[in-house]
Amino acid sequence: MQLNKEQQKAVLHVDGPLLILAGAGSGKTRVLTNRIARLISECNVSPWNILAITFTNKAADEMRERIDDLVGLGSESIWVATFHSTCVRILRRFIDRIGYDTNFSIYDADDQKNVMKEIIKRRKIDTKMYKERFFLNVISSAKDELISPEAFREQAGEDFIRKMQADIYEEYQKTLQKSNALDFDDLIFLCVKLLKQDKEVRDYYQDRFRYISVDEYQDTNTAQFELVRLLAGKYKNLCVVGDDDQSIYKFRGANIKNILNFEKHYPNATVIKLEQNYRSTQNILDAANAVISHNMGRKEKHLWTDQEAGEKIGFYQFDTAYEEAEHIAYEISSLVRRNEFTYGECAILYRTNAQSRLLEEKLVSANIPYKIIGGINFYSRKEIKDILAYLKTIENGQDDLAVRRIINVPKRGIGATTVGRIQEFADEQGMSFFDACRQIELIPTIKKAAEKIRDFANFILVCRTQLAEGGIEAMTKYLLDATGYIDDLRAEHDEEADARIENIEELLNKITDYEETAENPTLTEFLDEVSLVADIDNLEEGQDYVALMTLHSAKGLEFANVYISGMEDGLFPSFMTITADDESEMEEERRLAYVGITRAKKRLTLTCAKTRMTRGEMQYNKVSRFLAEIPKKLLTGNGRQEDALPLYQQANRGFAQARKSFRSEDVYGVARTKSSKAPSNAPKAKNIGNAGAAGKPDYKEGDRVRHPKFGEGTVTSMVLGGRDYEVTVDFDDFGTKKMFAQFAKMTRI
DNA sequence: GTTAGAAACAATCCT
DNA sequence: TGTTTCTAAC
């Protein structure tokens with residue numbers, strides 16, 4: 001495919017700041033990659049001097065691949081990375097210049113919460129009034145805005161609450177520093193601090209990165225803006241790509257002004273608009289344009305396509321969310337059967353992760369292969385976090401949180417009281433928790449547990465030797481063996497434990513894979529990679545399954561056939577948005593709708609339900625107001641736009657209070673009953689996509705089996721059809737179901 | 001110190 | 001409804 005005029009103009013631009021306003025589906029990645037390739041082949045730029053920043057690893061990998069294809073030899077020295085991994089790489093080299101150790105740990109949301117919990121306990125703050133989340137949010141937005149604890153205190157003045165927040169921010173930051181740990185926001189914040197403070201480091205990177213590109217620029221926050229400004233400070237060969245209409249990350253500090261005011265920040269900037277859409281049909285594009293046109297204060301764009309109108313947009317309304325999910329599953333099933341789409345071409349999008357459950361259930365019973373992107377990250381599962389805490393302890397003994405997590409896992413008879421005493425001693429002496437463990441005989445209050453603690457500390461030291469001698473994989477295997485972690489799980493003999501074992505094996509695979517592919521594998525680097533994976537990174541292309549994800553995760557992706565479910569006022573736009581007295585929040589929500597609609601290439605279906613269970617409560621929602629914004633002639637299906645709040649009433653804020661909400665008992669007059677005893681909270685072992693290798697199932701006709709969703713049942717028939725067994729099971733609580741063995745995660749009992 | 005069962009609480013969206 | 005925290009009993 002040829003580049004169009006505007007695309008060419010962007011590709012040919014070499015020196016000076018460049019802003020590319022790229023509408024949805026306008027081929028921005030092509031432009032970015034082609035421009036970089038040309039810099040090298042035509043303009044004599046060394047690959048070593050090029051930096052390309054993205055937001056997700058997936059985007060980075062994709063860009064890397066495409067650049068590799070274009071550039072060939074030498075492309076490996078181009079620095080293509082996410083904001084966070086870029087900062088980690090810089091900090092791993094130079095952070096010792098600002099008071100941390102270069103083998104710092106990275107704390108995830110869970111770790112942050114634990115740190116905050118302790119601070120709150122120590123300060124005897126009433127958790128009813130102030131929750132951990134509240135303070136963490138305050139701290140996070142402060143860091144996004146590059147406000148240090150000191151600056152925060154200054155700004156607080158005499159305000160009581162602000163002063164309390166300042167105290168907590170300061171203590172939180174001290175705790176992290178003492179553990180030699182950085183949270184996600186620190187990665188950017190401290191990198192900016194380093195570059196600002198240290199001229200030598202700044203000069204080094206400014207000189208190295210002569211050509212910088214930033215993708216999804218509309219999502220940058222103040223800290224990221226500053227980082228880019230510092231890096232590009234010398235040569236100012238900065239190319240940013242973005243679309244203000246797709247700015248959907250205000251809640252994590254994204255500042256839309258970064259893109260809107262680019263020309264002010266970089267006065268001689270060239271601006272290029274990419275307005276031809278190569279992705280969607282005219283109808284889809286018309287709907288997207290109609291919705292987004294209700295926003296004020298955007299950069300005017302005229303997205304157009306030379307594709308034909310295509311199918312109308314489906315709009316379906318159901319009585320319950322149950323039926324909604326059923327319909328989607330049924331439709332996908334028949335479209336695939338008629339060879340109109342493959343599973344891999346279909347995606348189901350929703351506003352909140354919680355909506356995935358129902359959809360999942362219906363896809364399972366319709367035998368549709370699927371993969372849920374997001375929800376619980378693989379690396380935040382209990383068993384994985386345990387093992388990683390061991391690895392972190394081995395890597396960085398100062399990481400108190402990691403040490404305390406595993407000191408009694410598996411059970412070593414070291415309880416909360418003992419841990420408390422060690423911590424107390426460590427605090428008094430100003431040493432780390434692990435160092436206190438190593439000198440346990442100095443702690444007078446500990447007698448009985450002393451030996452156990454000594455054993456634990458010695459064990460960690462042995463692991464360190466193992467690591468040095470045999471590498472990560474060998475050491476981890478030794479560790480699992482010596483602690484009996486897997487044996488303990490195996491002894492539990494239930495499917496939940498089995499799933500955990502599988503997850504650990506998966507982790508081992510990742511370690512092996514890492515050690516085989518990395519140039520110079522180190523435990524630190526492995527832990528970095530693990531800490532920085534996003535859910536969306538797990539979506540593999542070319543796999544034949546339906547993708548389920550939130551609208552946020554879907555940004556940057558495209559699918560031939562897209563469903564947006566839960567198009568209801570109160571869900572999408574969210575209840576929070578409707579009740580907030582801030583029109584800009586509604587605009588952000590509308591941009592999210594725009595992002596969702598523009599994901600579709602050929603076929604788009606919007607669905608909603610009149611009733612929906614949320615947190616055990618029955619909710620009655622109107623049709624989403626965004627549906628009222630789509631011209632009627634573009635729609636087909638049983639949905640009634642009239643059931644949405646009419647446009648002229650949408651400015652009226654009073655109605656939110658009138659929303660009705662009953663407890664389910666009140667509606668049906670029945671108490672809630674316990675359903676089947678199948679543990680629905682069992683960790684989902686592996687997602688369907690990986691299950692392909694499964695051979696013959698270990699059950700046969702007449703066997704009793706257990707299914708994660710449907711509980712126990714009896715196998716009534718098993719037929720080999722196509723490439724997999726078709727199993728029919730008579731479930732005790734759910735009746736008879738027919739499914740493919742490969743996708744039904746059933747075990748014999 | 002450990003465990004199970006009950007009570008309390010909670011969800012936007014993400015690197 | 002699903003998950004975390006609290007409490008009591010071993």
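Residue numbering restarts at 1 for every chain, and letters A, B, ... go by the order of the sequence lines.
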Nearest-nucleotide wise, let me know which of Thr56(A) and Glu585(A) is further upstream toward the 5' end of DNA chain B.
->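 Its nearest nucleotide being more 5', the pick is Glu585(A).
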If each of Glu588(A) and Thr417(A) is mapped to the nucleotide of DNA chain B with the nearest heavy atom, which maps nearer the 5' terminus, i.e. the 5' end?
->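 Counting from the 5' end, the first nearest nucleotide belongs to Thr417(A).
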For [X], give me all partners under side-chain contact (heavy atoms from CB on, under 4.5 Å), at least two apart in sequence or on another chain.
X	value
Lys610(A)	Gln317(A), Asp319(A)
Thr483(A)	Tyr390(A), Pro410(A), Arg412(A), Phe459(A), Tyr485(A)
Glu132(A)	Lys113(A), Met116(A), Lys117(A), Ile120(A)

Separation of dC14(B) C1' from Asn57(A) CG (nearest whole Å) =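 About 13 Å, once rounded to whole Å.
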For [N], does OP1 or OP2 lie under 4.0 Å from any side-chain N or O of [X]?
X	N	value
Ser553(A)	dC14(B)	yes
Thr550(A)	dC14(B)	yes
Asn353(A)	dT12(B)	no
Thr418(A)	dG1(B)	yes

Any chance you could lay out the side chain to side chain donor-acceptor pair (under 3.5 Å) test for Asp399(A) and Ser179(A), step after step, and finish with the verdict?
-> CA-CA 5 Å; Asp399(A) 187 344; Ser179(A) 299; 5.2 Å; no
Ring center gap for Tyr249(A) and His552(A) short of 6.0 angstrom =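 Yes, they do, as the ring centres are separated by less than 6.0 Å.
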Is Arg612(A) salt-bridged to Glu324(A), cutoff N-O under 4.0 Å?
->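 Result for this pair is yes, salt bridge flagged.
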Determine the interatomic distance between C1' on dC13(B) and the same-named atom on dT4(C); round to the nearest Å.
->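 Result for the C1' pair: 22 Å, nearest Å.
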Interface residues of residues 404-415 of chain A with DNA chain B (non-hydrogen, below 4.0 angstrom) |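 Residues of residues 404-415 of chain A that come under 4.0 Å of DNA chain B are, in numerical order, Asn408(A), Lys411(A), Gly413(A), Gly415(A).
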Would Tyr594(A) and Gln246(A) count as having a side-chain donor-acceptor pair, cut-off 3.5 Å?
->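 Short answer, no.
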Polar contact flag, side-chain donor to acceptor under 3.5 angstrom, Gln112(A)-Tyr172(A) |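 Yes, side-chain donor-acceptor contact under 3.5 Å.
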When we call it a touch if two heavy atoms are under 4.0 Å apart, what does [X] touch: a base, just sugar-phosphate, or nothing?
X	value
Lys131(A)	sugar-phosphate
Phe55(A)	sugar-phosphate
Tyr249(A)	sugar-phosphate

Does any donor-acceptor pair link the side chain of Arg252(A) with the base of dT15(B) at a separation under 3.5 Å?
->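 Donor-acceptor pair under 3.5 Å: no.
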Stems in DNA chain B: runs of 3 or more consecutive Watson-Crick or G-U pairs, distances under 3.5 Å?
->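 So the stems come out as B:1-10 with C:1-10.
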Let me have a per-nucleotide readout for nucleotides 5-10 of chain C, 5' to 3', with B, S or -, counting only protein heavy atoms under 4.0 Å.
-> S-----
